[in-house]
S.K.: 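The following block contains the structure, expressed as structure tokens.
Whatever order the structure lists ligands and atoms in, that order sets their numbers, starting from 1.
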Amino acid sequence: MLNCGTKLLKAWHVPRKYPVVVLLMFLVSVSIALVLLFQKNDAKPWNRFESLVQFDPRREFRNGTDLIWQIPDSPKAVIFLAHGCSLRAVDFWDRSSKCPECVGLPEDRLLVLHALARKFAVLTVSSAGKCWTFEKERLIVEDIITWWVKRHNLGKLPLVALGASSGGYFVSVIANNLKFNSITLMIAEGLFDQMNIKEDYPPALFVHMPKDTGRKQKITKFMRVLRNKGVDVAEIECMELPLSPTFLSDRIPSLDQIVSVRLFDLFKEKGFVNENGYMKQDGRATPWEDALQDSKINLLEKDLVHPVDEELNLAFAYHEMTSLQSDEIFKWFESHMT
Ligand SMILES: *[C@@H]1O[C@H](CO)[C@@H](O)[C@H](O)[C@H]1NC(C)=O
């Protein structure tokens, strides 16, 4: 290393040797590129599922909403997934010939892959409006879940549910009627102050982002309420993460690594991230799309905007769906099945 540096230093002072510097710089760039290239595949969280599962969902319309599901070979449990506001069932599944409208948001799709790899049959349903509602819609969806489980002969298997945000409130409510083995409420405290919690309410895991302090307080309060009712509760706290040049391409399948690096540079240049790579604000509050337009680099296809937003929100860790804790979540589901 020392020798190399000395040579470089000398070369700078001797104009004749400029080609050597250029060559060295070229070699350094090539090796960095190679390192990035070989790193690429290891970092992608979906690679571990490649030989285990593939998206192959079925879709059906019923009671004015759409159901998208997939049942793996020899399923050992059933999971109902409830999305947040402004989202739909299609957001959980990658686009394919069987589901051309599917979107496959990065965290949502990873959650489904985790579930399928652990042999959970996965059922997703879209809310009728922007967010879930708790009267007629609750009855309709409870009916759909019961009917679907029966129709696919899955009635003997453990049934669990995970809802994020509005979906978390929804799951907290339907769990007072349907018999779930356990539930996970993600970035949602649930509606426990608006219901008569039944005696055998299922074990509840709260996966939340403590940066949202108001919600954290409510979760602490509701965990105490549930515990006093004899309900098994637990929580997982999700903290902010720093962006790295390949953060976006490591989490969004259709986002190119070069695009990811350039976006990261742009975010640094615009001051959207601090010197350690942490987002200064929520993705929703960061005008990164405007910055992109000003930069005159046409980096993104339109359908990458939502996935990037989701990842920036995840990195900021205030309010977003997350698949990062999937192993802990599914371990928890699996430990509450009998
Ligand atoms: C849902 O649709 C089915 C079949 O059309 C119907 O039998 C059922 O009553 C509906 N459920 C509700 C809650 O409306």
S.K.: Could you identify the single nearest non-hydrogen protein atom to atom 9 (O) of ligand 1 and state the distance to 0.1 Å?
M.R.: Asp143 OD2, 4.5 Å
S.K.: Side-chain donor-acceptor pair under 3.5 Å between Ser165 and His319, yes or no?
M.R.: yes
S.K.: To the nearest 0.1 Å, how far is atom 10 (C) of ligand 1 from its closest protein heavy atom, and which atom is that?
M.R.: Asn63 ND2, 2.3 Å
S.K.: Side-chain donor-acceptor pair under 3.5 Å between Asp91 and His83, yes or no?
M.R.: no
S.K.: Within a distance under 4.0 Å of any heavy atom of Ile140, pick out the atoms of ligand 1 and give their elements.
M.R.: 13 (C)
S.K.: Which pair of heavy atoms, one from Cys131 and one from Ser166, lies closest together, and at what distance?
M.R.: CB-OG, 3.6 Å
S.K.: Return the residue, atom name and 0.1 Å-rounded distance of the protein heavy atom closest to atom 3 (C) of ligand 1.
M.R.: Arg62 NH2, 3.3 Å
S.K.: Any donor-acceptor pair under 3.5 Å linking the side-chain atoms of Trp332 with those of Thr184?
M.R.: no
